[in-house]
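Before any comments, here is the structure.
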Amino acid sequence: MHLPRFTYVRPGSRDEAAGLLDTFGKAAVLVAGGTDLFPRMKYRISTPEYLVSLSGVTRFLPALDEDGALRIDALMSLGDLSRSPIVRTHAPLVSQAATCVASGQIRNAATLGGNLCLECRCLYYNQSHTFQFVEPCFKLGGDLCYFAPKGNRCWAIFASDVAPALLSLDTVICVTGGPGKQRRFPVAELYTGDALSPLTLLPSEIITEIIVPSAFGTGRHSFRKFSRRKGYEFAGLSVAVALQVADDGRTCRDARIAVGSVAGGPVRAAAAEAGLPGQDLSNSETVRSAAATAAQEIRPIAHHGYQAAHLRHCLEVEVLRALTEAAGPAPLADV
Amino acid sequence: MEHIKVVVHLLINGDAHDLAIAPEATLSEVLRGQLGLTGTKDGCGTGECGACTVLADGRPILSCLTLAFECQGREITTIEGVACNGELNPVQQAFIDAGAIQCGFCTPGMVLATIALLNETPHPSFAEIEKALEGVLCRCTGYNKIVEAVNRAAEAIAARLKGGTSCQTP
Amino acid sequence: MSDPLKYVGQPIARVDGPAKVTGKARFTVDVQPPGTLVCRILRSPHPHARILGIDISAAQKLPGVKAVVTADDTLKIKHGFVETPRYPADQYPLAVGVVRHVGEEIAAVAAVDEHTAEAALKLIKVEYEILPAVFDPEEAMKADAPEVHPSHPKVTEPFRNIAGKTETGWGDVDQGLAESDYVRTDRFESHLRTHGYLEPQATVASWEDGKLNVWTSSMGPFIKRKKLAQTLGLPLSAVRVHKSYVGGAFGGKIDLFSHEFCAALLSMKTGRPVKVVVSREEIFAAYRHGQPLIVELTTGVKKDGSIVAQRIRTINNCGAYKGSGVVVIFLSWGFAMATYRIPNMAYEGFAVYTNNTVRCPQRGHGAPQMRFAIESQMDMIAEEIGLDPVAIRLVNARLPDEQLPNGDNVHNCGLVECIEKAAERINLRERYGSSRNKAAEGGSLRRGVGIGVSAYFGGSLIYPNSSSVIVKLNDDGSLIILTGSLDIGQGAETILTQIVAEELQVPISQISIMAADTETTPVDIGVWISGNAYVTGNAAREAAMAVRHKILEIAAQELETETCQLVLSEKAVSVTGAPERRMSYAEIYEASVRSRRGDPIIGEGHWRTMRDVPTHPSLATAKGRWTENYAFDAQAAEVEVDIETGKARLVRAVTAHDCGFPINPLNVDGQIDGQVSMALGHAFLEEVMMENGRTLNPSWLEYRMPTIGEMALSESIDVITESYVVGQPYRTKEVGEGYVSAILAAIANALYDAVGVRLYTTPFTPERILKALKEKAQADSGNA
């Protein structure tokens, strides 16, 4: 497997990169770690004319804001993220989720921003199409879905592990679209939920940093990745739970439950969350009912050999486990 | 589109190389094809087997998913560069002694991932070994003897340090 | 009492370890002669289609393209895994007129680089007429099924698409079943798995001065030479297969592959070296995998558990050509009959063509599928008649010197001891049934234990039928071994070195080994029928013995004594009781050259298994001897199941094995560990997912081979039944394939022990386990 030919450009800043993306338009693709993009390029499912690399951009180390929020460079590698003491302390859930991604080698190249911008995946799409599945599917610009031949949409899965973690922490995303074109918004607004075009970013926009607010950042949490093998592969489903607990140590003040790998974007279990504030988290019935609600409101898509009904069942199991873990007597230590 | 090669300056196993490469050349292609360092293996090319693992500034990365161009300014170590003082690296020796090698195709990646692990964690737990090696597939050994090799290497390195001899591993 | 062995039986580190651990070992993918062209292959996108036309003109015109070949550029000579009168060669290296599976090879290009080769493939236009296709073997057998090939002319049943049939038996099964106290019938299904060798398929071919030089990732240079010569229309002597290290094979690199043929043909066309490295995706989606087998099994036993009769019917989904599909239906009979006494047996196996990729051997070659069925049913029977799993196996296990129905003998069979020891190590008698459905450490986790047994053949008669080895003494007393054997990771070079070291008392470090070159090393059976340690090993021993005889004769002559008075030690010969009367090998070499008209002391040895048997057994009737070395084993498993998610894992595996004796215990353990890992992949994780002949998961990301995170603790127990005596032939038994089977069955049985559900289909996915648990809960509540 080898990469297709492209013109390589290496801007010195993110604004400059955004400018280049603007200039080249659809002919260009942005690359940071490349661990998601390069396999797709080798399979020829992405063949950009221009590769705009962020490798020449100066990065900053994670730091705390005055209000206690943690700012993390989107170009931080997942490996650095999982090793960073300040992230471990102030956003342990992020660190934990980052550690669950793929393998150490990939984490050392893959970036936080890249993981948030993963392309959606499906068995049919993520292979070259030279002699198998030659007809292009929706995602390849065609007019069919191999997974659901009678359907009229793309059923690929957004499989980031970090995205649900950030979603559960009410993280804010900062993007630049070039000089003077910065904006910030909650991470939930990054995702369309449509696998065909999973991100709301404009073609020239680049995620620059993420801000983890202190409220959830250091609260009780749990991250669970359900997959057939440990690490290494993408999640069958992943669950991130973040809780704010009253001083009594058991009454829920606020809760976030986010699930990955079940749809075209990360999803919140909003109904399950809504039932938790004011409830006694040490009551097993409370968490059990929340998990059941989550499994009611989220309908996982079958993917990568996982059956939908089984994923739904495991969603309930894993949400229950995550809630139990998060609500447990002591917050989880570092991973 | 005119296809232009660019000259890059790479530091591989302590040796500086000025090479004309195409922008799409991966590090593994340059190592294997242009430099003849075929110890770095390519088992899949898509980042799944880990046989192509090399160290960049001491950290394991996949050379099949790394543009050679982006390795400028980084110190790259391949399996050809881990011997110490003309002898096998203790990790290499431990892999031989423990029977952790069969076909040998994953061995370079395993050894490099282990060197990186032991540099950061001289006495790893099983969980740490598991985490460090989860990205290198081995089909032959079932991993039992690889874990044993990592433990043996940790002991050998500790014994060397105690004895006052150290090995400058990357 | 002879001296203790110094090299054989010792856990000696691999002789190729330093080369492999430094990256110096040269694999085929590392071979890169100057001026090498890149070869890429055009594959069929259809599972079944007629080729109406191929237009290569545009591809030929592309700058940088040096040659394009299709079937019209070939001699259209067929090849096959089996080439016998009953099962003649059946596959063209490049498709002629029809393609029968997705990925079948149609054309190949040689170009200056990957980009050009890839662009050239896109310029080849093929016109197809789509034909109806069939993928399920039982569908394919139906009278109205699409025809992949006509049924074999000798098959009388009205089934379509029958590639081959094995039918054999003895006694009277109907009467046996009638006389049984307990009879049950079950159906088991195995799924499609693949080898997962780390080094991709790769070949470098270089046609130079009328000789084809080939480096290829293989399992036997001599059989590759034969098939290349045959399909290219060259004399054997015009093909030289060179040695390169092999990054794993597991059965998947023995057939002739089209890429090997194409690289050779393109080199002959262009006069330049041609290299092809097959992509991992192509390997998954177009290459040969293992064999998914359906096993229908009826067994009748007496109250004491002894088997009275067994009826077995297997159906093998053998893909678009015969491949080794017609062999597996023979072998799976062998794997059924070797372990237990079966007074009455009726066996029939069908290999059925479908429009799937072709099948080839995969480690165990039918044994895992068959043992999974038999050993699962064994436990079910035991439970029904109130025996424990150990007792029922002991009642039926073959004993030493038993004669098998095909005329083979089990010789010093250690099966009973294997069963006892495996059971004891994992405490099976006490634990089995005691923790069923009881929480272990965590709330949702259940653990169980189980056992299985298996037997495996060690070498059979198949081309080239024998191995030869040459041992040369150097004038400094060191040695060189020449062998056609190939190290594919199993340690062939190491054990042959150990044997020669032992016979001649030369340290391992002073023996070099030249291997696997069809021109400079002697013929070898290859490393794919589990006979290397026995056949090539005995050839090496014979060669060393020839050297030993010469050394002793010269020493006796020079030291003026009898050869029986001499002992060998550390590259020297001395007189017993008078160590000062001593000659080094260097001195002996010099004396030999001086006194024997230049004889530099070269020994030659050869070996063939079953020397009085003319040929291999009949694949159709199973008549005729198969092997003279049966290895036996019992394996015990401890499995953990999460009853909430259905996820299960192998925690611990115990392998009690009768491999005769271990030539190298480190290698034996390594083989066992690897097989346990492969079996746990088989049991829980790995599956080539296919849809209408297309592969859904052609990558390691989605084909879930075990990572270190899935590692199971693997322990082994030697059951020694044979011995090694210097100067005498030995009987060792194989260790490379047999231990992938009983452990699969043990896992199935341990899964049952943990949660009380029986799975009849592999793999044991969380979905299947959970479904079975739900059904059981419903049945239990219905019964309550």
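Hydrogens, waters and symmetry mates are skipped; everything else that's a heavy atom, side chains included, is used. Letters go in sequence order (proteins before strands), and every chain restarts at 1.
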Study note, to complete from the structure: Under 4.5 Å to a heavy atom of chain B? For C:Thr494 that would be neither
Review point. Using 4.0 Å as the upper bound for N to carboxylate O, is an ion pair formed by C:Glu686 and B:Arg139?
Key: yes
Check your understanding: Side chain, backbone, both or neither: which part of B:Val147 has a non-hydrogen atom closer than 4.5 Å to chain C?
Key -> side chain
Review point. Which region of C:Ala249, side chain (C-beta onward) or backbone (N, CA, C, O), has a non-hydrogen atom less than 4.5 Å from a non-hydrogen atom of chain B, or is it both or neither?
Key: neither
**Study point:** From NZ (B:Lys145) to CG (C:Leu666), nearest 0.5 Å
**Key:** 5.5 Å
Point to revise | Sidechain-backbone polar pair: C:Asp673 side chain, B:Asn144 backbone, donor-acceptor under 3.5 Å | key: no
Review point. Quick one: CD1 on C:Ile708 to CD on B:Glu134, what's the gap to the nearest 0.5 Å?
Key: 9.5 Å
Exercise for review: Measure distances from C:Pro18 to the heavy atoms of chain B and classify the residue's part below 4.5 Å as side chain, backbone, both or neither.
Suggested key: both
Review point. For C:Ser279, is it the side chain, the backbone, both, or neither that has a heavy atom closer than 4.5 Å to a heavy atom of chain B?
Key: neither
Study note, to complete from the structure: Interface check, chain B: of C:Ile283, C:Leu713, C:Val676, C:Leu198, most non-hydrogen pairs under 4.5 Å belong to C:Leu198
Review point. For C:Gln32, is it the side chain, the backbone, both, or neither that has a heavy atom closer than 4.5 Å to a heavy atom of chain B?
Key: neither
Point to revise | Heavy-atom proximity to chain C below 4.5 Å, by part of B:Leu88 | key: side chain
**Study point:** Side chain / backbone / both / neither for C:Gln671 at chain B, heavy atoms under 4.5 Å
**Key:** both
